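Below is one structure. I have some questions about it.
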Amino acid sequence: MASVDEPLFTPAAANDASGARAQFQGKPPFESWGRYPVYDAKVVPLHWQTDFPRVIDGVHSGALPVGLGRSYGDVCLLKDGTLVQTTTMNRLLAFDAATGLLTAEAGISLAQILDFAVPRGFFLPVSPGTKYVTLGGAIANDIHGKNHHIAGTFGCHVPSFELVRSDGTRMICSSRENPDFYAATIGGLGLTGMITRAQLQLKPIVSRKIDYQGIQFRGIDEFLTLTGQSKNIEYTVSWVDVTSTGKNLARGIFMQGDHSHVPAPLGISKKPKLAFPIELPGFALNRYSVAAFNAFYFHKQVKCRVSKLQDYEPFFYPLDAVHKWNRMYGKRGLLQFQNVIPWEHAREGTEAILKEVAKSGLASFLAVLKAFGDVPSPGAMSFPKPGITLAMDFPIKPEKSFALFDRLARMTHEFGGRLYPAKDARMTATQFQAFYPQWERFKRYKDPAITSSFWERVTSPDGGAL
Ligand SMILES: Cc1cc2nc3c(=O)[nH]c(=O)nc-3n(C[C@H](O)[C@H](O)[C@H](O)COP(=O)(O)OP(=O)(O)OC[C@H]3O[C@@H](n4cnc5c(N)ncnc54)[C@H](O)[C@@H]3O)c2cc1C
């Protein structure tokens, strides 16, 4: 195994493909993916693992570690504060080719890890819907992927990491060493300190290909039947049409796949070439244009069931093919709603929420349904729990979309579920504290110099409605 002190591999500017570096490097405002809210903040790049206390020394308005800003809301924002950005600290430090155990600095992106790992026959243990997120950001939100029912969250595959606190304390955190800080930091929204480097257990693959099947379904019951039948398939996720009602309510395409077992060449991915050219005007995405797109998307798959061998890029990261696709939502930006409803009320709760969305006349064409499994997360504040998760993007139309989000958050609470902080820009303090009652205990591990606009909102004393 190579030494942890000497970089093994300094990735070429793989982030440049996402446009992310150009967007953020020292150029405020730092935007989250939803581009709402927008706050002024100072952005300071972090170059070296021990620099965190130094770069925030004398900062009185609070500091926050950030990665690539791929969270949708305000967990990666700090109004009038200092954002310490890690993307300049992205060296790969060690790799054991026999076991797939990798050690890297926290600002490395999953895209950079894939460029290194895939040609060597390894893949990420858990992957979100974009590869342009950092290792540190993936741990801090304890992200989940299409294999949650089998692999659990990202944190399940991070045996240890280093945490640097604002007072200069450095600690290695694992289930054995500093286990409380390990649990608080996985899903800890960046609030416990700066993760400087981490180990990640990769999984072996023999091909870039995925054995894919797409299956049409109509309604939650058919979705649940397919979920039951695919328990042993590694990746499952569904696109759902949230504009249709009546007998078409919750029609969609159930997508499932496994890594191909047939050995085939493993190479580096080509960089995407398309970028969303303009900000669309606010009226471009309306219920009629989105309903037409959804009907087209559902019927584009002419047969009820299709099977094919597909490269992992379009299977895992179809949206990454177009840089800055969030500009499609115009200057006002977008809100994402993502909840999970536990199995006890998952069917009725998800159906009631889909009906509420259809009734509102607000259209989402990126709506995703997925069943979470019961692999426990090591993170104390992690979002996933067994049940159904529903994620939907909406253009921001303050008078309508905010009211809808407030109703959906209330319904989620009534059905015993919770919302995902990484996607949130709206939940009230009362709602957050009901969704995450462990927040009081978590507070003990928070670094006193670190905060975020999300944290200020969800711990604000005026509470807001449930
Ligand atoms: C198209 C798209 C698809 C997505 N799909 C999924 C999905 O399938 N599943 C899922 O779970 N999420 C998904 N996400 C959300 C995304 O994976 C998370 O928000 C992720 O945490 C973003 O990582 P980042 O590097 O951009 O971090 P940022 O958004 O910059 O920051 C996220 C959080 O991490 C903290 N943080 C960042 N770096 C560090 C560090 N070094 N030390 C301590 N704290 C740190 C920040 O303070 C903040 O709280 C998706 C996002 C997009 C845009």
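Counting starts at 1 for both ligands and their atoms, in listed order. Computed from a predicted structure; not experimentally measured.
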Return each pair, listed once, that meets side chain to side chain donor-acceptor pair (under 3.5 Å) where at least one residue sits in residues 135-145; pairs must be two or more places apart or across chains.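 As it turns out, the side chain to side chain donor-acceptor pair (under 3.5 Å) pairs with a partner in residues 135-145, which skip direct neighbours, are S71-N141, D142-T153, D142-S377, D142-S382, H144-Q338.
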
Decide if atom NZ of K79 counts as having more than 12 heavy atoms of other residues, nucleotides or ligands within a radius under 6.0 Å.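 For K79, atom NZ is not crowded (no more than 12 foreign heavy atoms under 6.0 Å).
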
Is the NZ or CZ atom of R332 both under 6.0 Å from the centre of the six-membered ring of Y36 and within 45° of that ring's axis?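 Relative to the ring axis of Y36, which defines the angle, R332 lies outside at least one limit.
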
Any pair counted as ring pair (Phe, Tyr, Trp, His ring centres under 6.0 Å), so long as it reaches residues 152-179, sequence neighbours left out: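 Output for this query lists F161-Y182.
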
N232: what forms a side chain to side chain contact (heavy atoms under 4.5 Å, CB included) with it, not counting sequence neighbours?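 Applying side chain to side chain contact (heavy atoms under 4.5 Å, CB included) to N232 gives none.
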
Give a table of atom pairs where an N or O of ligand 1 lies under 3.5 Å from a protein N or O.
from	atom 1	to	atom 2	distance (Å)
ligand 1	5 (N)	G129	N	3.0
ligand 1	8 (O)	G129	N	3.2
ligand 1	9 (N)	H144	O	2.8
ligand 1	11 (O)	H144	N	3.0
ligand 1	11 (O)	H144	ND1	3.2
ligand 1	11 (O)	Y420	OH	2.7
ligand 1	19 (O)	S71	OG	2.8
ligand 1	19 (O)	N141	ND2	3.3
ligand 1	21 (O)	G137	O	2.9
ligand 1	21 (O)	N141	ND2	2.8
ligand 1	25 (O)	L68	N	3.1
ligand 1	25 (O)	T134	N	2.7
ligand 1	25 (O)	T134	OG1	2.7
ligand 1	26 (O)	L68	N	3.3
ligand 1	26 (O)	G69	N	3.1
ligand 1	26 (O)	R70	N	2.7
ligand 1	29 (O)	R70	N	3.3
ligand 1	29 (O)	S71	N	3.0
ligand 1	29 (O)	S71	OG	2.7
ligand 1	30 (O)	G67	N	2.8
ligand 1	30 (O)	G69	N	2.9
ligand 1	41 (N)	I195	O	3.0
ligand 1	42 (N)	I195	N	2.9
ligand 1	47 (O)	P65	O	2.5
ligand 1	49 (O)	V75	O	3.1
ligand 1	49 (O)	L189	O	2.9

Under 6.0 Å between the ring centres of F123 and H259?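 So the answer is yes for these two rings.
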
